Amino acid sequence: MARHGASSGISSHSRRFSTAVNPINISLLSKQLIQLGRINNPDTFPEITHQKELQASSLTSKLDDCTGLHQIKQVHAHVIRQGHDQSCYIITKLIRTLTRLGVPMDPYPRRVMELVQFRNPFLWTAVIRGYAVQGNLSEAVSMYGCMRKEGITPASFTFSALLKACGSVGDLSLGRQFHAQTFRLSGFCSVYVGNTMIDLYVKCGSMECARKVFDEMPERDVISWTELIAAYAKAWDMDSAAELFENLPKKDIVAWTAMVTGFVQNAKPQEALEYFHRMEMSGVLPDEVAVAGFISACAQLGASKYADRAVEIALKSGYSPSGHVVIGSALIDMYSKCGDVEEAVNVFESMNNKNVFSYSSMILGLAMHGRAREALDLFHYMVKQTTIKPNTVTFVGVLTACSHAGLVDQGRQIFASMHQTFGVEPTCDLYTCMVDLLGRAGRLQEALEVIKTMSVEPHGGVWGALLGACRIHKDPDVAEIAAKHLFEIEPDVIGNYILLCNVYASAGDWEGVLSVRKLIKEKGLKKTPAVSWVVDENGQTHKFFPGNMNHPMSDKIQETLEELVQRLTVLGYEPDLRSVPYNASDDEKRSILICHTEKLALAFSLLTTSRDSEIKIMKNLRMCQDCHTFMRLASEVTGRVIIMRDNMRFHHFRNGACSCGDFW
DNA sequence: CTAGGGTTAG
């Protein structure tokens with residue numbers, strides 16, 4: 001029996017095989033071979049067609065497996081050796097592979113295309129798309145011109161590629177021209193082109209136009225819907241997103257995920273979980289992206305019971321953190337935000353593939369928990385021992401670590417090298433880190449100087465960091481400068497006014513305090529009520545509000561606190577009366593301080609948990625100076641580890657010291 | 001060919 005690969009025996013077998021095929025089923029390759037004049041009739045030379053077809057499918061699957069330029073070049077050598085270098089089909093695939101791996105269009109992919117004698121729309125489009133992906137609109141357009149000059153009629157996907165190119169640089173007017181051309185050339189606009197047009201409008205920030213295209217499309221698919229849903233979500237308009245979503249007849253996994261992550265992006269984790277649940281109920285199986293969205297929602301909720309549920313979902317869906325980098329990275333972030341940085345480290349170490357997300361999340365997690373040294377070590381390992389390039393977020397993590405550890409010079413060096421060595425542009429967020437770094441270290445004038453010389457317009461975060469530093473260092477003069485700018489940018493954020501109030505209070509300036517109070521009243525702003533909470537071993541949440549009088553255990557809690565104060569006083573504890581931003585008597589201040597919600601939560605935890613367990617407390621606002629000292633000393637006299645999450649970060653109190661180094 | 005993506009500071 002003749003075998004396919006043997007040149008002598010192939011013809012009889014293949015001929016029989018091939019003539020049984022209906023002529024309309026002639027493969028694309030045979031058609032191209034006919035076009036190219038390589039064969040005149042596939043029935044006459046079926047063995048060539050069949051062999052070529054086998055080679056072609058082997059070559060394309062090899063290209064699919066390519067992960068580097070070197071491999072592609074090897075496959076390319078095969079292509080030439082087997083005489084496929086004139087096949088539009090194979091060369092198109094080759095160029096798409098090069099694009100996928102980010103190889104610049106010039107000179108290699110472009111040259112390969114130019115060597116093909118008879119180019120079809122697929123091949124042209126592959127090159128146009130390549131330029132589009134690489135943000136080179138002018139070359140994409142120039143390729144389109146060449147294509148037309150050769151008399152090749154563009155297909156709808158050609159316009160899709162051109163619109164993508166317009167989107168990459170935000171050239172809306174050119175995009176509109178191409179969009180109009182599709183009508184002129186073919187009398188209609190395919191759903192692909194319509195979708196790309198929606199994408200272009202969204203990228204250029206015109207939701208109204210995007211919606212108009214959508215509304216006027218003669219035919220829509222789930223992609224059109226999902227594009228708009230995601231765009232509304234990113235524009236902070238979840239109501240419109242949800243309305244569209246409910247009207248979407250067939251909801252696929254991508255559409256569901258757009259809703260889940262949309263709620264996450266809008267800081268509505270509870271809704272995100274609800275939609276995920278609805279998705280499961282409707283029988284749609286989650287994929288990796290959907291599960292990552294779920295984990296992210298759990299991270300925002302920041303409680304261990306959600307963390308457990310997230311891990312359960314991930315494993316149930318078949319995504320272990322070790323093999324799935326998106327899941328792993330999301331879990332690192334989640335564990336860090338749930339207060340379990342140790343588990344975050346475990347996940348990180350278990351991962352077989354790590355990328356910039358994994359490293360950045362880990363660095364941020366360590367920084368958030370005051371483990372600056374480890375965060376910096378990990379950063380240095382990343383840039384020296386791996387090929388992963390740090391990005392803006394990585395530097396936010398590294399600088400945050402420096403900031404909390406008071407490593408001013410290191411932070412400065414890293415900030416400088418960031419641009420010089422790694423090509424990362426300093427963004428507003430990164431300037432915020434620098435202002436925070438200098439400000440915390442007490443160098444308020446230098447911080448102010450940084451803001452004045454910034455290359456971008458400062459946003460609220462920058463001034464907020466400076467104001468925060470003024471609170472630590474009790475500097476009302478600089479605080480007034482910061483507040484003036486901050487109140488202009490964020491007139492409705494109550495926390496900013498409270499911060500300024502605290503600065504005045506700590507400096508004993510009661511007139512200042514009153515003036516801010518007046519301002520708050522005028523603006524009609526309301527103070528965010530403080531709340532602390534702990535989760536018991538049954539997953540039950542216990543909330544504590546200032547004063548605590550309604551709590552069933554309030555007598556016991558009060559008793560415990562009084563006793564604790566006595567033991568702390570022996571260690572030199574003195575209530576920090578300047579932490580109370582009211583002009584009250586010292587006794588009143590003392591009784592206000594002892595009723596701060598985190599102290600109540602601590603007393604409750606001491607009463608209800610076993611001696612060897614960690615105490616975990618969450619708070620919605622920033623911890624005051626007095627509570628910080630209180631927790632520090634309490635960890636010493638009780639021998640307990642207290643993990644406290646305020647609205648900014650985690651404090652680990654152990655043996656009378658805090659992981660933040662009293663630097664917060 | 002066109003859709004969802006995990007990490008961001010005060």
Side-chain angles (χ1 to χ4, degrees), chain A residues 96 121-122 125-126 128-129 132 155-161 163-164 167 190-200 202 221-231 233-234 252-262 264-265 287-296 299 321 324-334 336-337 355-365 367-368 391-397 399-400 403 427-437 439-440 459-469 471 482 486 490 493 495-496 499 622 647-649:
Chain A
R96 284 184 191 158
F122 291 94
T125 305
I128 294 172
R129 196 168 166 275
S156 68
F157 48 82
T158 312
F159 286 107
S160 181
L163 290 176
K164 195 189 179 83
S190 77
V191 66
Y192 307 123
V193 174
N195 288 347
T196 323
M197 198 60 208
I198 292 178
D199 185 56
L200 177 61
V202 168
D221 59 13
V222 64
I223 296 178
S224 334
W225 290 82
T226 309
E227 273 183 336
L228 264 196
I229 290 169
K234 289 199 175 83
D252 69 0
I253 179 66
V254 182
W256 279 107
T257 310
M259 288 306 288
V260 172
T261 54
V264 171
Q265 286 155 4
D287 65 1
E288 200 180 347
V289 181
V291 173
F294 183 87
I295 297 173
S296 189
H324 297 83
V325 67
V326 180
I327 300 291
S329 306
L331 285 175
I332 292 170
D333 174 57
M334 183 193 74
S336 304
K337 286 182 181 152
N355 63 13
V356 67
F357 285 90
S358 335
Y359 274 91
S360 304
S361 299
M362 193 68 256
I363 290 169
L364 277 159
M368 201 191 305
N391 63 18
T392 307
V393 183
T394 320
F395 283 104
V396 168
L399 291 174
T400 306
S403 173
T427 61
C428 241
D429 294 338
L430 286 163
Y431 279 111
T432 302
C433 294
M434 277 316 277
V435 169
D436 190 55
L437 173 73
R440 269 176 212 283
H459 61 199
V462 177
W463 292 113
L466 185 62
L467 186 55
R471 184 197 64 104
L486 190 52
E490 297 175 352
V493 179
N496 296 338
L499 213 46
R622 196 197 287 257
N647 62 336
M648 308 302 300
R649 72 176 57 74

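Bear in mind that the values here come from a model prediction, so they are computed numbers and not experimental data. Below, chains carry the letters A, B, ... as their sequence lines are ordered, and counting in each starts from 1.
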Mind checking if A/R471 touches a base, just sugar-phosphate, or nothing, with heavy atoms under 4.0 Å?
nothing
Is there side-chain contact between A/D429 and A/H459, with at least one heavy-atom pair below 4.5 Å?
yes
I'd like to check the ring-ring contact (aromatic ring centres under 6.0 Å, His included) partners of A/F357; sequence neighbours left out, ordered by chain and number.
none
Quick one: label A/I229 by what it contacts on the DNA or RNA (base, sugar-phosphate, nothing), any heavy atom closer than 4.0 Å.
nothing
Regarding A/G365, tell me which of base, sugar-phosphate or nothing describes its non-hydrogen contacts under 4.0 Å with the strands shown.
nothing
Would you mind classifying the nucleic acid contact of A/L399 as base, sugar-phosphate or nothing, using non-hydrogen atoms under 4.0 angstrom?
nothing
Test salt bridge (charged side-chain N to carboxylate O under 4.0 Å, His left out) applied to A/K337 - qualifying residues, sequence neighbours left out:
A/D333
Mind checking A/T392 for me? I need base, sugar-phosphate or nothing, with any heavy atom below 4.0 Å counting as a touch.
nothing
Reckon A/A230 touches a base, only the sugar-phosphate, or nothing at all at heavy-atom distances under 4.0 Å?
sugar-phosphate
Considering every strand and a 4.0 Å limit on heavy-atom distances, what is the contact class for A/V260: base, sugar-phosphate, or nothing?
nothing
Please list, chain by chain and in numerical order, all residues satisfying salt bridge (charged side-chain N to carboxylate O under 4.0 Å, His left out) with A/R440, sequence neighbours excluded.
A/D436
ring-ring contact (aromatic ring centres under 6.0 Å, His included) partners for A/F157, two or more places apart:
A/F122
Using a cut-off of 4.0 Å on non-hydrogen atoms, how would the nucleic acid contact of A/E490 be classed: base, sugar-phosphate, or nothing?
base
Could you give the start and end, 5' to 3', of the contact zone on DNA chain B for chain A, using atoms under 4.0 Å from its heavy atoms?
B/dC1 to B/dG10
Apply ring-ring contact (aromatic ring centres under 6.0 Å, His included) to A/H324 and list each qualifying residue two or more places apart in sequence or on a separate chain.
A/Y319
Sugar-phosphate, base or nothing in reach of A/R440, heavy atoms under 4.0 Å:
sugar-phosphate
